[in-house]
Protein chains: 2
Amino acid sequence: MPKVLDEEDVADFRERLLAAAERLFAEQGVAGVSMRRIAQAMGCSATTPYRYFADKEEILASVRAAAFDRFATTIEAAFARRGSPVERSAAVGRAYWDFAMREPDAYRLMFDMAQPDDDRYPDLVRAGARARGCMTAHIRELVSAGRIAGDPDLLSHVIWSATHGIVVLKLAGRLKHGPAPEDILRESMRLLFNGARAGLPPRAPAQASAEATGSQT
Amino acid sequence: MPKVLDEEDVADFRERLLAAAERLFAEQGVAGVSMRRIAQAMGCSATTPYRYFADKEEILASVRAAAFDRFATTIEAAFARRGSPVERSAAVGRAYWDFAMREPDAYRLMFDMAQPDDDRYPDLVRAGARARGCMTAHIRELVSAGRIAGDPDLLSHVIWSATHGIVVLKLAGRLKHGPAPEDILRESMRLLFNGARAGLPPRAPAQASAEATGSQT
DNA sequence: CCGTTAAAATAACAGTGTAAATTTACGCTG
DNA sequence: CAGCGTAAATTTACACTGTTATTTTAACGG
């Protein structure tokens, strides 16, 4: 134990603790993991973590922020692929789904409804905003390319919430008896994009009689 | 304290405790409510609830089952309204949204992702199944009436998950900066129904040039 | 080598879920 | 009515939790 803690040492300890905490959270659920258990996994005393984190809530917030960042990085990587707007958009959608299926515990933590006021953790706010932001770019591109019509911000929230809804229903165990989640997702996207295409102005293709019948309010 | 507990007395005690527990859960979150706190609200000793419930988890499961039943009753009432299939379907959708906004804590409890194995509580399974079931009837009716095309079971899951996604994002506090949740919901339904209508076979109305373009898949 | 001082470890507190032991009080029988 | 059996309620107790206060440890400067 050095006399004074190098800033690097602090960062290292925090990182290692967060990694351990995330693993334990995934294994036994957040409520089932105690500070003492985390400390034990770190090989330190029960209260040493309090030198690096204010309390358990801050640990949880940091784990969630890390998950959001990992998620955002994954999505951004998918969007960075080269290809047509449609291909890139499909890649983003696939990356979203794959992340949720590959790291269900991380996804659960990220979007848990029981978290009261995340706003106290700037890093969590930043990571969450980054994750949200990187889901609108591909929609904006689709609109710019004239493949769908509508307000990109609104459309991206529509696509996002539809996808999110299927993911969380599955992660909550509520899609055990109905259609396969993948089928629901595919059909949702098919219908949404068909619907959004219907809003396009008349175009080159011959049989474009689809006038704006969207007057259902 | 009677010598033996009438079955009615047991049911009464359970009901009163569940009501108190639900109120406390809503006020302070599930994790913030202790058995002792519930017992205090009941005016009994700390361990008396254990005569009526196996443990805290069973209390939570019962509260969740009650919420599902209340939800299902609300939806069924909306569907029981007289009117056209479209009107009845719209009423169901509105009732769904209104319930989630009126009882966000109940909704949170119902669809919380952190619940591991609900299957141990038959009443909860039954109530959950009932709630899910009453969301397909109005879709089935729409399909029967020829207003939309597709597999009713699949379509109902599409509509459900889209609605659910918006609700849980709002309840998780993730829709503070974007479009209003109501707008996302309206646009989602507009696009989905437009998309689903596109799958209809050619019909009476004059400008029905929409030949079966639904040849995808 | 010794004192200073930051870091770690220990001890302690209030509160948790819950099981075991104990007390209470009702209904029945002698 | 006395008193017993017994179900219901309470008290006690235990292992655990998050967290704070106190004490111990150990690296550095003189």
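The chains referred to below are lettered A, B, ... by the order of the sequence lines, with proteins before strands, and numbering in each begins at 1. These numbers come from the heavy atoms of this one structure, side chains and all, not from hydrogens, waters or symmetry mates.
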Q: Quick check for you: among C/dG17, D/dT10, C/dA9, whose closest atom lies nearest to any side-chain atom of A/T48?
A: C/dA9
Q: B/E58 CD to C/dT18 P: how many Å, rounded?
A: 11 Å
Q: Nearest nucleotide by nearest heavy atom, which residue falls closer to the 5' end of DNA chain C, B/R51 or B/E57?
A: B/E57
Q: I want to check one thing: is the phosphate of C/dG17, taken as OP1 and OP2, less than 4.0 Å away from some side-chain N or O of B/T47?
A: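 The answer is no; no side-chain N or O of B/T47 sits under 4.0 Å from OP1 or OP2.
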Q: Is the distance from OP1 or OP2 of D/dT17 to the nearest side-chain N or O of A/S34 less than 4.0 Å?
A: yes
Q: Assert yes or no for the condition that the ring centre distance of B/F68 to B/F111 is strictly below 6.0 Å.
A: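 Yes: the rings meet the under 6.0 Å criterion.
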Q: Whether B/R14 engages the ring of B/F53 as a cation-pi pair (distance to the six-membered ring centre under 6.0 angstrom, angle to the ring normal within 45°) should be assessed.
A: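 Yes; both conditions hold, so B/R14 lies above the ring face of B/F53.
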Q: Rounded to whole angstrom units, what separation is found between the CG atom of B/D55 and the P atom of C/dG17?
A: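 Atom CG in B/D55 sits about 11 Å away from atom P in C/dG17.
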Q: When the distance from CD of A/Q28 to P of D/dT17 is rounded to whole Å, what number comes out?
A: 11 Å
Q: Kindly indicate whether a cation-pi arrangement holds for B/R88 with B/F79, taking the cut-offs as under 6.0 Å to the six-membered ring centre and within 45° of the axis.
A: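 Ring-cation test returns yes.
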Q: By nearest atom, which of the nucleotides C/dT18, C/dA7, D/dA8 is closest to the B/M35 side chain?
A: C/dT18
Q: Indicate whether OP1 or OP2 belonging to C/dA8 is found under 4.0 Å from a side-chain N or O atom of A/Y52.
A: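 The answer is yes; a side-chain N or O of A/Y52 sits under 4.0 Å from OP1 or OP2.
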Q: OP1 or OP2 of C/dT10 less than 4.0 angstrom from a side-chain nitrogen or oxygen of A/S45, does that happen here?
A: yes
Q: Evaluate the ring planes of A/F13 and A/Y52, with Trp represented by its six-membered ring, and classify them as parallel (under 30°), tilted (30 to 60°) or perpendicular (over 60°).
A: parallel
Q: Tell me yes or no: between the side chains of B/T73 and B/R130, is some donor less than 3.5 Å from an acceptor?
A: yes
Q: How close or far is atom P of D/dT20 from atom NZ of A/K56, stated in whole angstroms?
A: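 After rounding, the gap between these two atoms is 15 Å.
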Q: What's the CE-P distance between A/M42 and C/dA8, to the nearest Å?
A: 10 Å
Q: For DNA chain D, whose closest nucleotide is more 5', that of B/A46 or that of A/R36?
A: B/A46
Q: Between atom OH in B/Y50 and atom P in C/dT16, what is the gap in whole Å?
A: 11 Å
Q: CZ of A/R37 versus P of D/dC16: gap in Å, rounded?
A: 13 Å
